[in-house]
Asker: 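Quick one: the structure is below, and I'll ask about it shortly.
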Amino acid sequence: MKLYADSANVETVVPLLLDGLIRGVTTNPSIIARDGVTRNDLARLYDEFSAAGADEIFMQATGGSREDLLADSFRIADFGDRIVVKVPATPDGFRVARELQRRDVPVLLTAVYSLAQATYASAIGVEYIAPYFGRLVDSGEDGLAKVSNMTKVLASTRTKVLVASVRSPNAAATLALNGVGHITADVPVLLAMMVDPVTEQSAAEFERVAAQSSTDPVDSIG
Ligand code: G3P
């Protein structure tokens, strides 16, 4: 399993990177806005995430036309060799993704909702697709079945399924159980994945016992 932080928040993401707990970082225009940064901050974010050890940094191109989308993709690709350019899986996005592939720019088609889109993405050889699990479920779909099918269809291709909109540790675990190998989630979800109340109790008990035995009188050994 490869885990990524879906965040543009340097304060919360960099410690996870420095501790080696995530593989990289994913962002999109909504996340950028939510975390109080702008398009103009993307190059700086790339540098900070990269310096902290991110192997892959996903940043999304925007543009009202195919030409603008392609131009923004090249701007983002220039940040460095850890960039994967995200492009929405629209008809223009597919064309831009193909052009980026031709020029050896790693690309992820994002907001993939159908098996047909996933199939097409693999046909043009993009590195990743990102289905939005939580939003699939919100829209009344069987999100798990859909993402599992995408994983099956792409299994023998070079295209990997990086599932986004994963909003709970349980969702992440269920996706893993169903063959998903790449997940991006907001930092609180990632942190919560490491916590179980019973583990916390056991750890507290270990500490209690260890503290007690270190204060036991030496002569009790005989
Ligand atoms: O990367 C996908 C993410 O931005 C969407 O997540 O939870 O708003 O559906 P969510």
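All ligand and atom numbering here is 1-based and tracks the order in the structure.
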Asker: Please list the nearest protein heavy atom to atom 7 (O) of ligand 1 with its residue and the distance rounded to 0.1 Å.
Answerer: Arg167 NE, 2.9 Å
Asker: For the 3.5 Å polar cut-off, considering only N or O atoms, please tell me whether Arg135 and ligand 1 meet it.
Answerer: yes
Asker: Return yes if some donor-acceptor pair links the side-chain N/O of Asp72 with the main-chain N/O of Thr62 below 3.5 Å, else return no.
Answerer: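 Present.
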Asker: Give the atom numbers and elements of ligand 1 that come within less than 4.0 Å of a heavy atom of Ala164.
Answerer: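 Counting atoms of ligand 1 from 1, those under 4.0 Å from Ala164 are 1 (O), 2 (C).
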Asker: For the atom pair CZ (Arg82) and OH (Tyr46), what is the distance rounded to the nearest 0.5 Å?
Answerer: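 Rounded to the nearest 0.5 Å, the CZ-OH separation comes out at 6.0 Å.
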Asker: Is ligand 1 under 4.0 Å from a heavy atom in the side chain of Asn28, in the backbone, in both, or in neither?
Answerer: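 Just the side chain.
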Asker: Ligand 1 versus Thr184, non-hydrogen atoms closer than 4.0 Å: side chain, backbone, both, neither?
Answerer: neither
Asker: Do me a favour and list the nearest non-hydrogen protein atom to atom 3 (C) of ligand 1 with residue, atom name and distance?
Answerer: Asp6 OD2, 3.5 Å
Asker: Just do the side chain to side chain contact (heavy atoms under 4.5 Å, CB included) check on Leu21 and Met194 with the steps written out, would you?
Answerer: CA-CA 10 Å; Leu21 291 174; Met194 291 185 270; 4.1 Å; yes
Asker: Please answer whether the main-chain N or O of Val107 pairs with a side-chain N or O of Glu127 as donor and acceptor at a distance below 3.5 Å.
Answerer: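 Pair found, side chain donor or acceptor close to backbone of Val107.
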Asker: Evaluate the criterion side chain to side chain contact (heavy atoms under 4.5 Å, CB included) for residue pair Thr184 and Val166; output intermediate values, then yes/no.
Answerer: CA-CA 7 Å; Thr184 184; Val166 178; over 6 Å; no
